[in-house]
Amino acid sequence: MGDQRDSRPDLPLLLVGTDHRCSPLELRERVSYSGDAAEELLVHLLARPEVAEAALVSTCNRTEAYVEPRDDEAAYHAVVELAFASRAPELTGQGRLYVRRGRDAAHHLMAVAGGLESMVLGEPEILGQVKQAAALADAVGTSGTLVRRLFRAALKAGSRARAETAISSGAVSLGYATVELTKAIFTRIEEAPILVVGAGQAGRMVARNLLEKGAGRLTVTNRTQLRVEEFLREFPGAQSHPFDDRALAVAAADVVVVATGAGEPVLTRGHLQAAMARRPGRPLLIVDLGVPRNVDPAAARLGNVFLHHVDSLETLIQRNLKLRREEIPRVEEIVEEELGHLLAWYRGMEAEPLIARLQKQAERVRRQEVAAALDRFPAETHEQIDRLTRSLVRKILHHPSKRLRNGNGEEILPHLDLVRELFQLDGEEET
């Protein structure tokens with residue numbers, strides 16, 4: 001059976017973009033827009049006569065311009081010039097940019113909002129970024145009926161994907177895997193003191209994720225004081241502890257994240273025995289992110305010590321990714337459903353000019369008949385007759401007009417043809 005979609009009206013929509021699949025970071029960061037730069041780009045796009053509406057989605061992994069074109073080819077060249085070539089001419093090379101049109105462009109945005117197009121499948125942050133893109137286009141005044149409705153549909157698809165599937169569940173990064181392990185052992189993460197041993201990038205990343213999820217008490221220890229000071233500037237609520245007395249800091253913590261560049265364990269079995277003696281009966285979670293390992297593996301045999309290293313975290317991450325991948329078909333179903341609603345809405349918009357012609361024709365007939373009959377009535381009643389007949393016409397057309405406006409776009413098309421035929425509206429002007 002052939003694809004019947006081609007005979008139906010498609011969305012006047014153009015997408016030009018680049019993402020992590022087709023461009024390296026050094027190119028993506030050159031076309032990353034935020035703040036005033038994003039506003040300026042949108043204004044310049046709308047200033048082009050070939051662009052009717054515009055919105056911009058720009059994150060660390062993608063930059064995408066969505067426009068309603070008045071002239072498709074000219075709008076394409078305008079987007080490429082203003083958004084991409086002006087900052088990174090290399091992106092105009094083969095395979096660096098992708099182009100989607102009509103329903104395919106709408107489908108792509110919904111898949112982005114649903115987490116299907118992210119570098120990390122199911123990434124939760126992208127939904128908020130799509131929402132920010134819609135808000136910016138509204139604030140700048142570059143979105144209209146179509147783009148506003150498009151983003152509303154995409155946000156609904158993304159929200160449904162997260163509410164109705166597990167596409168964003170489970171940790172798929174080292175930081176959030178640490179959060180997941182913490183929550184598995186401690187019922188209230190905000191009451192679990194956190195110690196970070198090593199103030200480098202990995203330690204800060206895990207600390208950031210723990211704080212995002214509610215961790216309250218954070219302590220850092222590191223060999224060099226300069227790194228400690230950098231850590232404290234990023235996390236001003238944190239405390240520091242001397243590195244030589246790290247066993248005491250471990251004893252006061254419930255969660256210990258170890259991420260140093262040391263070539264040998266910085267926490268030995270002896271360190272941990274001494275720490276556990278100070279905290280009888282209390283469990284201790286240790287996450288060793290070091291390669292080579294920063295914690296003596298023999299510490300795992302101590303009572304109430306839960307030691308995890310990079311490989312065990314990676315196992316957890318891969319299990320969660322597998323669960324997310326299993327949710328892809330259901331998310332795709334949601335995207336198709338919301339795309340269908342968007343297309344139905346757009347097709348239903350064909351009813352508006354037809355309703356206008358119907359109302360115009362009815363008003364013309366009313367005026368003709370009233371004009372022909374007024375001479376038979378006293379002059380003082382003419383205004384009342386005019387109001388009465390206007391009211392009658394409005395009431396007669398109210399329900400049919402409402403039905404045509406609110407009907408499902410797929411189902412309403414045959415009714416539009418029938419209305420045209422019954423009331424002989426094909427010859428009516430729309431103005």
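Exactly one residue among Val130, Ile334, Leu342 makes a side-chain contact (heavy atoms from CB on, under 4.5 Å) with Met110. That residue is Leu342. Each of Val250, Val266, Val287, Leu307 was evaluated against Val258; a single residue qualifies, Val266, per the side-chain contact (heavy atoms from CB on, under 4.5 Å) test. Looking at Thr178, Thr219, Val206, Leu218 one by one, the single match for side-chain contact (heavy atoms from CB on, under 4.5 Å) with Ile194 turns out to be Leu218.
At least one test fails for Arg100 against the ring of Tyr66: distance under 6.0 Å to the centre or angle within 45° of the axis.
Contact between Arg366 and Thr389 at its shortest, heavy atoms only, is NH1-OG1, 2.8 Å. Nearest heavy-atom pair across Asn209 and Gly175 is OD1-CA, 3.0 Å. Scanning both residues, Ala137 and Leu42, for their nearest heavy atoms gives CA-CD1, 4.2 Å. The minimum heavy-atom distance linking Leu232 with Ala238 is given by the pair CD2-O, 3.6 Å. Heavy atoms only, all atoms of each residue included: Ala192 and Asp254 are closest at CA-OD2, 3.6 Å.
At least one donor-acceptor pair closer than 3.5 Å links the side chain of Ser312 to the backbone N or O of His309. At least one donor-acceptor pair closer than 3.5 Å links the side chain of Glu180 to the backbone N or O of Ala171.
Arg330 has a carboxylate O that lies under 4.0 Å from a charged side-chain N of Glu337, or vice versa, which qualifies the two as a salt bridge.
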Solution key, residues 374-381 side-chain donor-acceptor pairs under 3.5 Å, sequence neighbours excluded:
| unit_1 | atom_1 | unit_2 | atom_2 | d |
| --- | --- | --- | --- | --- |
| Thr381 | OG1 | Pro378 | O | 2.6 |

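Inter-residue side-chain proximity for Val51 and Arg70 is flagged as unmet; no heavy-atom pair is nearer than 4.5 Å. Taking the side chain as every heavy atom from C-beta outward, Leu284 and Ile185 never approach each other to under 4.5 Å.
Once rounded to the nearest 0.5 Å, the distance linking CD of Glu68 with CG of Leu14 reads 11.0 Å.
Between the side chains of Thr224 and Asn222, at least one donor N or O lies within less than 3.5 Å of an accepting N or O. For Glu64 and Tyr98, the side-chain atoms include at least one donor-acceptor pair closer than 3.5 Å. Looking at His77 and Glu73, their side chains do bring a donor and an acceptor atom within 3.5 Å of each other. Looking at Tyr76 and Glu50, their side chains never bring a donor and an acceptor atom within 3.5 Å of each other.
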- Message: Could you walk me through whether Arg217 and Glu191 satisfy the salt bridge (charged side-chain N to carboxylate O under 4.0 Å, His left out) test, starting with their C-alpha distance in whole Å, then the side-chain angles of each, then the deciding distance to 0.1 Å, before giving a yes or no?
- Response: CA-CA 8 Å; Arg217 296 168 56 191; Glu191 295 179 0; over 6 Å; no
>> Before you tell me yes or no, could you show the steps for Glu190 and Lys213 under salt bridge (charged side-chain N to carboxylate O under 4.0 Å, His left out), namely the whole-Å CA-CA distance, both residues' side-chain angles and the distance that decides it to 0.1 Å?
In response: CA-CA 8 Å; Glu190 62 271 19; Lys213 297 302 180 181; over 6 Å; no
Practice item. Please step through side-chain hydrogen bond (donor to acceptor under 3.5 Å, both in side chains) for the pair Glu314 and Gln318, ending with a clear verdict. Key: CA-CA 6 Å; Glu314 186 61 29; Gln318 291 304 317; 2.7 Å; yes
Practice problem: Test Ser23 against Thr18 for side-chain hydrogen bond (donor to acceptor under 3.5 Å, both in side chains), laying out the working first. | Solution: CA-CA 7 Å; Ser23 297; Thr18 190; 2.4 Å; yes
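Judged as a side chain to side chain donor-acceptor pair (under 3.5 Å), and not counting sequence neighbours, the contacts of Arg148 are Asp138.
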